[in-house]
S.K.: 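Here it is: the structure, laid out below.
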Amino acid sequence: MELFIDSADPKEIQTAWDWGFIDGVTTNPSLAAKVGRPYRQIVLQIFEIVDGPVSLEVIATEYDQMLEQARALAALHPVVVVKIPCTRDGLKAVKTLKKEGIKTNVTLVFSGGQALAVGKLGSDYVSPFVGRLDDIATHAGDDLVSNIRQTYDRYGFGTKILAASIRDLQHLEKMALIGADVATVPFNVLETITNHPLTDKGLQRFLQDWQAAGLELPIE
Ligand code: E4P
């Protein structure tokens, strides 16, 4: 399973990237707005940090403008995956972009029907929004990802399932069990992977015992 960081903040991305287990980045317009700096400056900085896929989202809502923006974003750097909203114009744009060899990530996916269309179009990624669905009905997010997994496996679709809108460690662990190909995880949730109070407590005890016994490692 691949893990992406769901952030547009270069500082967070650098910190998480240095942990060594992050494979890529997803951004969206809201995340970019939070950083408070020009978007171009931010993305160029992100390209210097990561060498995995970086999802950048179009802002246009109509086919022709989506294509223009997608081509310009893709030309920025080879790691760019263009995020396209799951609308009629968006799906049409995915078909064209695929023919041009531009990588796509279809975002704002909330139903199995939407995911089926995305799989048939051969988008590189489909992004079901787990947390936002769970806000409406418990386990709705898990159920959707599980349905998409079964459908894609049954028909052999190559589109990677990128579980988005992950709110906590339970969401992430559920996505791993279901078999999402990727989960994109916000920095605060990634921090909970890298810091467990029982790990800290256990380590403190090991070191205390070691020191109390006056032991030394068998190395020069
Ligand atoms: C990532 O691709 C999505 O845009 C993001 O995970 C949405 O998360 P949110 O529902 O917490 O805003």
Side-chain angles (χ1 to χ4, degrees), residues 1-10 12-13 16-17 22-36 39 42-43 46-47 49-50 52-61 66 69-70 73-74 76-77 79-87 90-91 93-94 97 102-111 114-115 118-119 121 123-145 148-149 159-176 178 180-193:
M1 185 185 192
E2 289 173 279
L3 280 182
F4 292 176
I5 174 168
D6 196 18
S7 172
D9 180 345
E12 287 184 351
I13 294 168
W17 191 259
I22 300 298
D23 305 289
V25 178
T26 53
T27 67
N28 67 32
S30 307
L31 290 170
K34 263 186 14 194
V35 181
Y39 190 50
I42 299 169
V43 296
I46 295 173
F47 297 150
I49 301 167
V50 306
V54 177
S55 283
L56 304 179
E57 190 159 341
V58 296
I59 303 304
T61 53
M66 276 182 177
Q69 292 182 357
L73 289 172
L76 285 173
H77 200 282
V79 294
V80 172
V81 177
V82 181
K83 260 174 115 175
I84 305 278
C86 195
T87 58
L91 293 173
V94 168
L97 293 169
I102 291 175
K103 290 204 172 79
T104 55
N105 169 4
V106 180
T107 188
L108 291 164
V109 168
F110 292 94
S111 78
Q114 287 179 309
V118 175
L121 286 169
S123 171
D124 297 271
Y125 299 91
V126 63
S127 287
F129 275 38
V130 176
R132 291 195 199 185
L133 273 171
D134 277 7
D135 290 343
I136 301 168
T138 318
H139 298 309
D142 303 348
D143 291 346
L144 174 61
V145 176
I148 301 174
R149 179 74 282 156
T159 298
K160 284 188 178 178
I161 302 172
L162 195 171
S165 189
I166 298 293
R167 300 274 162 77
D168 50 38
L169 212 46
Q170 285 71 36
H171 267 158
L172 174 61
E173 289 168 0
K174 197 72 206 272
M175 291 306 113
I178 291 169
D181 300 289
V182 192
T184 189
V185 183
F187 185 74
N188 67 311
V189 180
L190 287 174
E191 279 184 314
T192 64
I193 298 179

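Numbering starts at 1 and runs along the sequence shown. Indexing begins at 1, ligand by ligand and atom by atom, following the structure's order.
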S.K.: If the contact criterion is a heavy-atom separation under 4.0 Å, does Glu57 count as touching ligand 1?
M.R.: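 Heavy atoms of Glu57 never come under 4.0 Å of ligand 1.
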S.K.: Run the side-chain donor-acceptor check on residues 162-171: report pairs under 3.5 Å with partners two or more places apart or on a different chain.
M.R.:
unit_1	atom_1	unit_2	atom_2	d
Ser165	OG	Gly131	N	3.4
Ser165	OG	Arg132	N	3.1
Ser165	OG	Arg167	NH2	3.2
Arg167	NH1	Asp135	OD1	3.1
Arg167	NH1	Asp135	OD2	2.9
Asp168	OD1	Gln170	N	3.3
Asp168	OD1	His171	N	2.9
His171	ND1	Arg167	N	3.1
His171	NE2	Asp134	OD2	2.8

S.K.: Can you see whether Thr107 engages Ser127 through a side-chain donor-acceptor pair at a distance of less than 3.5 angstrom?
M.R.: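 Result is no, nothing qualifies.
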S.K.: In terms of residue, atom name and distance, what is the protein heavy atom nearest to atom 2 (O) of ligand 1?
M.R.: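 Looking at atom 2 (O) of ligand 1, the protein heavy atom closest to it is Lys83 NZ, 2.6 Å.
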S.K.: Which ligand 1 atoms are under 4.0 Å away from a heavy-atom of Asn28?
M.R.: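 Reading through ligand 1 atom by atom, the close ones are 3 (C), 4 (O), 5 (C), 7 (C).
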S.K.: Does Thr184 reach ligand 1 with a nitrogen or oxygen that is under 3.5 Å from one of the ligand's nitrogen or oxygen atoms?
M.R.: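 In this structure, Thr184 places no N or O atom under 3.5 Å from an N or O of ligand 1.
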S.K.: Could an N or O of ligand 1 be found under 3.5 Å from any N or O of Asp6, whether backbone or side chain?
M.R.: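 Right, the criterion is met.
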S.K.: Listed by chain and number, what are the ring-ring contact (aromatic ring centres under 6.0 Å, His included) partners of His139, not counting sequence neighbours?
M.R.: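 His139: no ring-ring contact (aromatic ring centres under 6.0 Å, His included) contacts found.
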S.K.: Heavy-atom contacts with Ser165 under 4.0 Å: which atoms of ligand 1 show up? List them by number with element.
M.R.: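 Answer, ordered by atom number: 5 (C), 6 (O), 8 (O), 9 (P), 10 (O), 11 (O).
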S.K.: Does any N/O atom on Ser127 come nearer than 3.5 Å to any N/O atom on ligand 1?
M.R.: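 No, since none of the N or O atoms of Ser127 sits under 3.5 Å from an N or O of ligand 1.
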S.K.: Judged by atom type as modelled, is there a donor-acceptor pair below 3.5 Å linking the side chain of Gln114 to the main-chain atoms of Ser111?
M.R.: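 Indeed, once roles are kept as given, a pair shorter than 3.5 Å links the two residues.
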S.K.: One thing to verify: whether Lys174 and Asp142 come together as a salt bridge, which I'm taking to mean a side-chain N less than 4.0 angstrom from a carboxylate O.
M.R.: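 Salt bridge flag = yes for Lys174 with Asp142.
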